[in-house]
Amino acid sequence: LQRLLGKISSKLEDQNPNIFMTESWIASRMHPQTFRNTLHLIADLALVDESTNFETFFFALIKVLQANSNREMGESLIPLELADLLVRLSVGTETNSLYCTHSAAGIPAILAAKNNIAVHGEQRRADVLLLTANILCNSKIQIRVSDPLHSPSWVIGGELIEFDAAISCPPFGVRYDLNVETDQFVRFPEKPLTSEVLEIRHCLAQSKSRVAALVPMALLTRTAGGERDFRRSIIDSGLLQAVISLPSGVLLNTNIPTAIIILDKTKNAEPILFVDLTGLDRFIVSRKRGSRAWLKTADQLADQALRSTE
């Protein structure tokens, strides 16, 4: 395992001199004992030898990290089953390209790339997980290091490139210093209190059709002017296709209530679909109060939601 991590580290450093993928990177995101247990578990699974399937190793590593992660790691590791749902809700049969921002969208991006979708994205700092996926899984995810709100980099001829679809997983409740009135791309008709609205508006500007956004439920109820205006706008314009409320505990790093909203620039939604998953046992597995909630049958859920918005 140490030899494999060493090879990964060398390849990453050759391609990205400022990025380091080493045992210390993984260890910094896990408690020391958990990290040691992880090394032993992967070694016991015999995933690392001359015939190692790097993609199998990569996803096994993600599963172990997610199962044992602490809160500091949660933002960049959306659970695989939730990532799968986001991908299914955002892409269609005609989707060839996908846009995403932030490290939280890393796992959805990796799953989309695994399905032969060309993934493009922007992050304020390079995500080692995505760089590693490119090497181990031959994903060819194209990520640029830039601030997508202040200075988006997927631009041609002074215009934002529109990809077939987009996934937005913004950090929750973060205030962002941005003068929306001077935006050269005219992306932001509202002046929101926090950055979730800005992130979603940006993804809409970079998508030809559908955007799936993971948001806190508070975004759907805040009375601040910008958030209220955003909700009114996406409803009145027919952009909002569906709202899927998720149970608390579905994320790794927080228990706050969350939801997925589906927006589509090619349709005029009427009526809007509302799905409440908090009490549906056929879609949710929860061990006990206060513990993780696991999504199941994401394919059935996505099919039901998308059929209802046709």
For a 4.5 angstrom cut-off between non-hydrogen side-chain atoms, does [X] reach [Y]?
X      : Y      : result
His202 : Pro170 : no
Pro192 : Phe230 : no
Thr194 : Arg222 : yes
Leu220 : Ser245 : no
Leu214 : Leu246 : yes
Leu240 : Leu263 : yes

To the nearest 0.5 Å, how far apart are [atom1] in [X] and [atom2] in [Y]?
X      : Y      : atom1 : atom2 : value
Ile272 : Ile262 : CD1   : CD1   : 11.5 Å
Gln142 : Glu122 : CD    : CD    : 12.0 Å
Arg201 : Ile234 : CZ    : CD1   : 7.5 Å
Glu190 : Asp229 : CD    : CG    : 6.5 Å
Glu196 : Leu219 : CD    : CG    : 5.5 Å
Ile161 : Ser97  : CD1   : OG    : 9.5 Å

Examine [X] and [Y] and state if one hydrophobic cluster contains both, with Ile, Leu, Val, Met, Phe, Trp and Tyr joined whenever side-chain heavy atoms are less than 4.5 Å apart.
X      : Y      : value
Leu198 : Ile261 : no
Val91  : Ile141 : yes
Phe163 : Val211 : no
Ile235 : Ile200 : yes
Val180 : Leu193 : no

> Would Gln206 and Thr101 satisfy side-chain contact (heavy atoms from CB on, under 4.5 Å), going step by step from the backbone distance to the final call?
Replying inline: CA-CA 11 Å; Gln206 300 243 215; Thr101 62; over 6 Å; no

>> Can a donor-acceptor pair be found, under 3.5 Å and without considering hydrogens, that links the side chain of Ser209 to the backbone of Asp164?
In response: yes

> For the side chain of Trp154 and the backbone of Gly121, is there at least one donor-acceptor N/O pair under 3.5 Å apart?
Replying inline: yes

What's the shortest heavy-atom distance between [X] and [Y], and which atoms?
X      : Y      : result
Val87  : Leu111 : CG2-CB, 4.3 Å
Cys100 : Ala109 : SG-CB, 3.8 Å
Lys265 : Ser207 : NZ-O, 2.6 Å
Ala113 : Val119 : N-CG2, 3.8 Å
Leu251 : Phe172 : CD1-CE1, 3.9 Å
Arg144 : Ser153 : NH1-O, 2.7 Å

>> I'd like to know whether Leu178 forms a side-chain contact (heavy atoms from CB on, under 4.5 Å) with Asp183, so could you lay out the CA-CA distance, the side-chain angles of the two residues, the decisive distance to 0.1 Å, and finally the verdict.
In response: CA-CA 9 Å; Leu178 181 69; Asp183 176 48; over 6 Å; no

> Would you call Lys191 and Glu181 a salt bridge, taking side-chain N to carboxylate O under 4.0 Å as the test?
Replying inline: yes

Side chains of [X] and [Y]: is there a donor and an acceptor less than 3.5 Å apart?
X      : Y      : result
Thr95  : Arg210 : no
Ser168 : Glu199 : no
Tyr99  : Glu162 : no

>> If you count heavy atoms of other groups shown closer than 6.0 angstrom to CG of Asp177, is the number above 12?
In response: no

> When you look at Glu94 and Lys208, which way does the salt bridge (Lys or Arg N to Asp or Glu O under 4.0 Å) test go after all the steps?
Replying inline: CA-CA 12 Å; Glu94 303 299 318; Lys208 294 177 184 176; over 6 Å; no

> Do the ring planes of Tyr176 and His150 sit parallel (below 30°), tilted (30 to 60°) or perpendicular (above 60°)?
Replying inline: tilted

> Does the pair Leu86 and Ile107 meet the rule for a side-chain contact (heavy atoms from CB on, under 4.5 Å), with working shown?
Replying inline: CA-CA 10 Å; Leu86 283 166; Ile107 302 298; over 6 Å; no

